[in-house]
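What follows is a short report on a single structure.
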Amino acid sequence: MALERTFSMIKPDATRRNLTGAITKMLEDAGLRVVASRRVWMSLRDAQGFYAVHKDRPFFAELTEFMSSGPTIVQVLEGENAIAKNREVMGATNPAQAAEGTIRKVHALSIGENSVHGSDAPETAAQEIRYWFSDTEIVG
Ligand code: ADP
């Protein structure tokens with residue numbers, strides 16, 4: 001299979017606990033390569049734009065306030081089957097249901113403060129990468 005790219009974020013609950021390196025290592029150990037990375041403290045407006053697909057969900061305000069509450073690491077990951085592989089190493093949204101050894105099982109605090117984001121499909125990966133990075137910032 002050809003190399004694929006996906007979009008990943010290390011969320012504020014994790015940067016607050018100084019877990020950027022530990023989480024990045026778990027991604028790398030799964031065979032994913034960081035080909036773009038930036039630390040951002042996103043505005044509420046950025047978070048609302050990024051998560052617009054969830055705007056009618058009951059947790060939208062909580063989610064966007066959390067995501068703008070501290071620094072986030074935005075990343076592009078590259079690897080074979082990168083989208084599915086990243087979702088696998090992240091684990092289920094709710095850490096209580098996440099498989100052993102996954103990032104969310106090991107590090108997440110709750111269903112909201114769940115340490116990482118990963119695109120769920122090729123279309124969303126392309127859209128989310130474009131939201132945060134220009135082509136020249138991605139170096140494979
Ligand atoms: P995932 O991040 O696993 O793809 P979703 O796309 O369903 O999950 O949700 C996006 C994010 O919204 C989650 O990662 C989590 O931070 C937050 N979220 C989802 N469900 C809830 C909930 N019931 N309460 C609070 N936050 C939630």
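Start at 1 and go down the list; that is how both ligands and their atoms are numbered. Because the structure is predicted, anything quoted here is derived from the model rather than measured.
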- Counting only N and O atoms by type, is there a donor-acceptor contact under 3.5 Å from the side chain of Y131 to the main-chain atoms of D46? yes

- Is the side chain of Q75 donor-acceptor paired with the backbone N or O of V34 at a distance under 3.5 Å, no angle test? no

- Summary of side chain to side chain donor-acceptor pair (under 3.5 Å) pairs that have at least one residue in residues 58-71, sequence neighbours excluded: R16-S69

- Query: Taking the six-membered ring for Trp, are H117 and F50 parallel (under 30°), tilted (30 to 60°) or perpendicular (over 60°)?
  - Reply: perpendicular

Residue and atom name of the nearest protein heavy atom (relative to [atom]), distance in Å to one decimal:
atom: atom 15 (C) of ligand 1; value: I111 O, 3.2 Å
atom: atom 5 (P) of ligand 1; value: H54 NE2, 4.0 Å
atom: atom 13 (C) of ligand 1; value: N114 ND2, 3.6 Å
atom: atom 26 (N) of ligand 1; value: G112 CA, 3.5 Å

- Query: What pair of heavy atoms forms the shortest contact from R5 to I83, and how long is it?
  - Reply: O-CG1, 3.9 Å

- Message: Applying side-chain contact (heavy atoms from CB on, under 4.5 Å) to M42 and T72, what does each step give before you reach the verdict?
- Response: CA-CA 7 Å; M42 67 178 76; T72 288; 4.2 Å; yes

Which of the listed options, [options], holds the heavy atom that is closest to [atom]?
atom: atom 12 (O) of ligand 1; options: F60, F59, F66; value: F59
atom: atom 2 (O) of ligand 1; options: R87, R104, E113, M67; value: R104
atom: atom 3 (O) of ligand 1; options: D13, N94, L63, T93; value: T93

- Is it true that K11 lies under 4.0 Å from ligand 1, counting heavy atoms only? yes

